[in-house]
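What you are looking at is a predicted structure, and each value in this text was computed from that prediction instead of being measured. This chain uses plain numbering: 1 for the first residue, then up along the sequence.
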Amino acid sequence: MFRQYQLRDFRLRLVVFVYAITILGILIIGSARAESQSQQVIGMALGTAAMLFFALVDYHYMLNFYWLIYGLNLVFLLAVRFGGTIVNGARRWLDLGFFRFQPSELTKLLLILFFARFFSRYREWINNWKVLLASGVLLAVPLYLVVEQPDLSTTITILFIFCVLIYIGGLSYKIIGAVLAFLIPSAIIFINLIMQEGQKILDEYQFERIMAWLNPAEYADDAYQQQNSIIAIGSGQLYGKGLYNNDISSVKNGNFIAEPQTDFIFAVTGEELGFIGCAAVIILLALIVMECLWIARNAREQEGTIICCGFGGLIAFQSLVNICVATGLLPNTGLPLPFVSYGLTSLVMLYMGTGIVLNVGLQPKKY
């Protein structure tokens, strides 16, 4: 379970980057909604303990129980489906008394671990239709449970992570080309269908979010958060208005954005810390992703490479989507900004993933 590691292989830079952006996020959350700051500090403390534990536990030992990991994930998701807490019309949380746990956040990490071992075990047959079909079914079961919560943004994130994992696992370029040849025209047809009046493909709120992004003037009630986010980021200019300011026209003091400490935390960052603060957040996230990829490149075997690339892909995708939503480049969707947005489950999960990546780094291929 535990190994004798070389301290010189410990990627201290990754830990520094993670702590730097977490502390910055805690400060921004405190400014956006003060009562949420203490919970995020608790999340950082719990995350630190989890990170240290998983950094020391041999990830090969964990992957030996990959079917147990998959089953545990399904148990959590089924518990949400049949006994979860409903908030704002969505059943995504388990109420544990002292805090609410969101299993779909943990699903992202557990599926990375499961498919790291699955694709490594069948790497010689990964382009065989039976393995591809099996991996598709294994993905579809938890994916269905997540999309039924409903949680479309997390569903899309999991799909992206899976694409990264199977590509790193050795998927043939011929298959990738064939899939793209099918998906691109299908996507064009799909977009045309959902733009039709009275369409039944998307839920009403999903359709309205897309239309609000395309035509904010006509769908003003649905577009106001995103439009206010763009105004807030622009109003911060270079240096911002400062954390904990009392400007009544700011997004936090004027209540122009609901729940600014979560999905639109980047708007608060831009308004209060300006371009410099936004750049700092983006640079730190980019550095974390680059560290994950560097560790992946030097991993001892394919399992470690898949884990690091999958976790790096998770951070990169969520960061890109969150920032694009806050700046109006994508339709409004509920994805948190990694390490910055408020969320106990999300933060602890990210620290757990960081610990596993650190353990991969402690076992480089030079040994």
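- Taking Arg121 as the reference, Tyr66 meet the side chain to side chain contact (heavy atoms under 4.5 Å, CB included) condition, with sequence neighbours excluded.
- Contact check for Arg33 versus Tyr342: no side-chain heavy atoms found under the 4.5 Å cut-off.
- With hydrogens and angles disregarded, a donor-acceptor distance shorter than 3.5 Å links the side chain of Gln226 to the backbone of Leu330.
- Side chains of Arg117 and Ile306 form no contact here, defined as non-hydrogen atoms less than 4.5 Å apart.
- In summary, the side chains of Asp58 and Gln363 do present a donor paired with an acceptor at a separation below 3.5 Å, with no hydrogens or angles considered.
- Between Phe114 and Phe118, the angle of the ring planes stays under 30°, which puts this pair in the parallel group of the 30/60° scheme.
- Listed for the Asn245 side chain is a donor-acceptor partner under 3.5 Å among the backbone atoms of Gly242.
- Environment of CH2 in Trp125: sparse, with no more than 12 heavy atoms of neighbouring residues, nucleotides or ligands closer than 6.0 Å.
- Put simply, the side chain of Thr305 gets close to the backbone of Ala296: a donor and an acceptor are under 3.5 Å apart.
- Contact of the Ser235 side chain with the Lys241 side chain is registered, since non-hydrogen atoms from C-beta on lie closer than 4.5 Å.
- For Gln39 (side chain) and Leu344 (main-chain N/O), no donor-acceptor pair under 3.5 Å exists by modelled atom type.
- In this structure, the side chain of Arg123 engages the main chain of Ser120 through a donor-acceptor pair within 3.5 Å.
- Looking at Glu272 and Ser31, their side chains do bring a donor and an acceptor atom within 3.5 Å of each other.
- Although no hydrogens or angles enter the test, the distance criterion places a donor-acceptor pair under 3.5 Å between the side chain of Asn359 and the main chain of Tyr59.
- With hydrogens and angles disregarded, a donor-acceptor distance shorter than 3.5 Å links the side chain of Gln40 to the backbone of Ser341.
- The heavy-atom pair separating Val137 from Tyr70 by the smallest distance is O-OH, 4.4 Å.
- Proximity of Thr354 to Leu358: side-chain heavy atoms (C-beta onward) are separated by under 4.5 Å at one or more points.
- Listed by first and then second residue, the side-chain hydrogen bond (donor to acceptor under 3.5 Å, both in side chains) pairs that reach into residues 312-321 are Lys108-Gln318, sequence neighbours excluded.
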Please set out all donor-acceptor pairs under 3.5 angstrom arising from side-chain atoms of residues 15-28, sequence neighbours excluded.
unit_1: Tyr19; atom_1: OH; unit_2: Thr48; atom_2: OG1; d: 3.0
unit_1: Thr22; atom_1: OG1; unit_2: Val18; atom_2: O; d: 2.6
unit_1: Thr22; atom_1: OG1; unit_2: Tyr351; atom_2: OH; d: 2.9

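- By the 4.5 Å side-chain criterion applied to Ile, Leu, Val, Met, Phe, Trp and Tyr, Ile276 is assigned to a cluster that also includes Leu238, Tyr239, Phe275.
- Leu362 has its side chain within reach of Phe10: a pair of non-hydrogen atoms, C-beta onward, lies under 4.5 Å apart.
- Panel note: side chain Asn298, backbone Pro364; no donor-acceptor pair is recorded below 3.5 Å.
- Applying the side-chain hydrogen bond (donor to acceptor under 3.5 Å, both in side chains) test to residues at least two apart or on different chains, the pairs with a partner in residues 155-179 are Tyr167-Tyr173.
- In this structure, Phe115 and Leu138 have side chains that are in contact, with non-hydrogen atoms separated by less than 4.5 Å.
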Between side-chain atoms of residues 277-293 and protein atoms elsewhere (two or more places apart, or another chain), which donor-acceptor pairs fall under 3.5 Å?
unit_1: Glu291; atom_1: OE1; unit_2: Arg11; atom_2: NE; d: 3.2
unit_1: Glu291; atom_1: OE1; unit_2: Arg11; atom_2: NH2; d: 2.9
unit_1: Glu291; atom_1: OE2; unit_2: Arg11; atom_2: NH2; d: 3.4

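- The line from CD1 of Ile323 to CG of Leu329 is 10.0 Å long, rounded to the nearest 0.5 Å.
- Residues Ile257 and Asp263 have side chains not in contact (no heavy-atom distance under 4.5 Å, counting atoms from C-beta outward).
- Each of Val164, Ile161, Ile156 was checked for a side chain to side chain contact (heavy atoms under 4.5 Å, CB included) with Phe317, and the lone residue meeting it is Ile156.
- Looking at Asp151, its side chain never comes within 3.5 Å of a backbone N or O of Val147 through a donor-acceptor pair.
- Counting heavy atoms from C-beta outward, Val325 and Pro331 have side chains that stay 4.5 Å or more apart.
- Around atom CD of Glu35, more than 12 heavy atoms belonging to other residues, nucleotides or ligands sit under 6.0 Å away.
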Take Ile175 and Leu132 through the test side-chain contact (heavy atoms from CB on, under 4.5 Å) and record every step on the way to the result. CA-CA 10 Å; Ile175 296 177; Leu132 292 175; 3.9 Å; yes
